[in-house]
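Inspection log for the structure reproduced underneath, given as structure tokens.
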Amino acid sequence: MKMKKYTAPTMVEAMKKVRGDFGDDAVILSSNVVKTKGFLGLFQKRSVEVVAGFDQTIEKHPIEPPTRPVVQSTVQTNTTEQLQKEMLEMKNMIKGMQQSDRTLEKFPDELVPLLMKLQSQGLAHEYIVEAGDLLYERMKKEKKDFTNSEQLQIMKEWFSAKLKDVPFGGISYTKKYINVLGPTGVGKTTTIAKIAARALLEEKKKIAFITTDTYRIAAIEQLRTYANLLQAPVEIAYNETDFRAAIEKLQDRDLIFIDTAGRNYKEAKFVEDLQSLVDFSLDMETYLVLSTTSKEQDMDIIIDRFKKFPIEKFIFTKTDETSSVGSMINLMLKHKIGTAYYTDGQEVPEDIIEANVEKLFSLLLAGDQDA
């Protein structure tokens, strides 16, 4: 990729230079507002510094087909289709970034770094523009340039208002059954262990576990290990009869944590299997676990699959393994479902945080402010 740095008085002029050199296929890699001193160190000037790139390896013309027919195996065909899919996704992502950058041109230069930070975190374009419009209107109304801390305070007020109708907080301790759903690979069992350990150690609750994840031996053994450490019983339910027997056997417990099977829940069949196994009419809180390392589009599909269940809140995992957490906010606002916890490591029970607006704002703007 060829890269070049540009400096201009405004973002609009910087973008003109970028397009002049690279055209509409350019990718904005970074953007900052810089200040330089004029004569004798006085008369400070503000300018925009932009780093743009262009991938010279992109083929602009279609490749001619081979003169002789080529027989592809099923594996080759699948690989080709997957590569085409990934290339299309990348192209759409770059196109979206370019459109976002052009929209940000309408805002004063001092607001651009904060808005681009939100963009890099994956916050939806509509929310970035909404936040930018609010900041810009406040600037015009108060007839002043806002400092970074003032921008952050206004942004925090907007963020709080945006999420005011979305519920936050961990398990309520008012219901006996804590049911945890989610696809494979999101860290569901470890997350259950973290919540259960806190219930035991901090709230002095008598806990127990039921697992319906009978598809993976490793998952059962992992839960058994945690249960042994917490000196809590664990029951395995292979079918609805086993599940009801486990419920009956553990009646003396304050809290029963249900670890459901991790499957590819983008397939409706697995959701139906789960619905027939677990009795959702019980005195139950149900949480959906999603990994922040997953694509937002995939998480969105999973959420739609689970809409038939009474989802209390989300639990987001692996925030320490990603540099963008905007998808958490996007999904919460789209589906009107709040967040109970987010996790930032594998340690039990340490690496789990009970969510609230303040903490999510800090997570979204990590490194830019102290919430």
Side-chain angles (χ1 to χ4, degrees), residues 121-123 163 166-173 178-203 205 207 209 211 213 216 218-219 221-227 229-230 232 234 255 257-263 265 285-296 298-300 302-303 306 311-333 335 337-367 371:
Q121 284 282 17
L123 192 67
L163 294 171
V166 178
F168 289 95
I171 62 174
S172 66
Y173 293 101
I178 309 300
N179 187 32
V180 182
L181 312 176
T184 186
V186 297
K188 196 161 66 294
T189 302
T190 303
T191 300
I192 287 175
K194 293 175 182 179
I195 302 171
R198 290 194 173 187
L200 173 69
L201 301 173
E202 297 174 7
E203 303 295 329
K205 299 294 185 182
I207 64 170
F209 300 95
T211 179
D213 195 352
R216 297 179 301 141
E221 292 307 313
Q222 183 185 20
L223 186 61
R224 275 184 172 151
T225 300
Y226 288 132
L229 291 171
L230 298 172
V234 56
L255 291 173
F257 292 87
I258 303 169
D259 186 9
T260 57
R263 305 296 297 273
Y265 287 113
E285 290 178 3
T286 298
Y287 298 88
L288 178 58
V289 182
L290 300 167
S291 170
T292 55
T293 60
S294 301
K295 294 178 183 178
E296 183 176 330
D298 291 339
M299 289 191 281
D300 199 35
I302 291 167
I303 294 168
F306 279 102
I311 302 298
E312 190 88 14
K313 299 183 188 85
F314 296 132
I315 298 174
F316 289 100
T317 61
K318 305 184 182 183
T319 61
D320 58 313
E321 298 180 24
T322 180
S323 58
S324 57
V325 296
S327 57
M328 293 169 58
I329 314 302
N330 299 338
L331 295 171
M332 289 165 58
L333 291 172
H335 296 280
I337 298 175
T339 297
Y341 306 95
Y342 61 91
T343 71
D344 58 355
Q346 294 297 313
E347 294 297 319
V348 178
E350 292 89 347
D351 296 334
I352 187 168
I353 296 96
E354 189 169 337
N356 59 35
V357 172
E358 191 96 351
K359 290 174 182 175
L360 285 182
F361 186 72
S362 292
L363 190 64
L364 185 67
L365 292 172

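Computed over heavy atoms, backbone and side chain alike; hydrogens, waters and symmetry mates excluded.
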Distance check, rounded to the nearest 0.5 Å: Glu354 atom CD versus Ile315 atom CD1? 10.5 Å
Identify the two heavy atoms, one from Ala232 and one from Phe209, that lie closest to each other, and give their separation to 0.1 Å. CB-CE1, 3.9 Å
Please find the pair of heavy atoms, one from Val234 and one from Leu223, that lie closest to each other, and give the distance. CG2-CD2, 3.8 Å
Taking all non-hydrogen atoms of both residues, which atom of Thr339 and which atom of Ala355 are closest, and how far apart? O-CB, 3.5 Å
Please list, chain by chain and in numerical order, all residues satisfying side chain to side chain donor-acceptor pair (under 3.5 Å) with Glu296, sequence neighbours excluded. Asn330
Keeping Lys188 on the side-chain end and Thr260 on the backbone end, is there a donor-acceptor pair under 3.5 Å? yes
Which atom pair, heavy atoms only, marks the closest approach of Lys205 to Tyr173? CE-CD2, 3.9 Å
Value for CG (Leu200) from CG (Leu229), rounded to nearest 0.5 Å, stands at 11.0 Å
Answer whether the closest heavy-atom distance between the side chains of Thr319 and Met328 falls below 4.5 Å. yes
Mind checking side chain to side chain donor-acceptor pair (under 3.5 Å) for Asp259 and listing every partner two or more places apart, or none if nothing turns up? Thr189
Working to the nearest 0.5 angstrom, can you tell me the gap between Ile353 CD1 and Leu363 CG? 8.0 Å
On a heavy-atom basis, which atom in Leu364 and which in Val325 lie closest, and how many Å separate them? CA-CG2, 3.9 Å
Applying side chain to side chain contact (heavy atoms under 4.5 Å, CB included), can you list everything that pairs with Ser294, at least two apart in sequence or on another chain? Ser291, Met299
So how far is it from Asp320 CG to Asp344 CG, rounded to the nearest 0.5 Å? 6.0 Å
Rounded to the nearest 0.5 Å, what separation is found between the CG atom of Leu123 and the CD1 atom of Ile329? 7.0 Å
Keeping Glu312 on the side-chain end and Glu285 on the backbone end, is there a donor-acceptor pair under 3.5 Å? no
Distance-only check: which donor-acceptor pairs under 3.5 Å involve side-chain atoms of residues 190-197, not counting sequence neighbours?
residue: Thr190; atom: OG1; partner: Gln222; partner atom: NE2; Å: 3.1
residue: Thr190; atom: OG1; partner: Tyr226; partner atom: OH; Å: 3.4
residue: Thr191; atom: OG1; partner: Gly187; partner atom: O; Å: 2.7
residue: Lys194; atom: NZ; partner: Gly345; partner atom: O; Å: 2.5
residue: Lys194; atom: NZ; partner: Asp351; partner atom: O; Å: 2.9

Contact check, side chains of Leu360 and Met332, non-hydrogen atoms, under 4.5 Å: yes
List for me each residue that meets ring pair (Phe, Tyr, Trp, His ring centres under 6.0 Å) alongside Tyr287, sequence neighbours excluded, and say none if there are none. none
Contact between Glu358 and Phe168 at the side-chain level, heavy atoms closer than 4.5 Å - yes or no? no
Can you confirm whether Thr292 sits close enough to Lys318 that some side-chain heavy atom of one is under 4.5 Å from a side-chain heavy atom of the other? yes
Using side chain to side chain contact (heavy atoms under 4.5 Å, CB included) as the criterion, list what pairs up with Ser323, not counting sequence neighbours. none
Looking at every heavy atom in both Pro349 and Leu201, which two are closest together, and how far apart are they? CG-CD1, 4.5 Å
Parallel, tilted or perpendicular: which fits the ring planes of His335 and Phe314, with parallel below 30° and perpendicular above 60°? perpendicular
Is there a side chain to side chain contact (heavy atoms under 4.5 Å, CB included) between Ile311 and Ile303 once you walk through the steps? CA-CA 9 Å; Ile311 302 298; Ile303 294 168; over 6 Å; no
About how many Å separate CG of Leu331 and CD1 of Ile337, when rounded to the nearest 0.5 Å? 9.0 Å
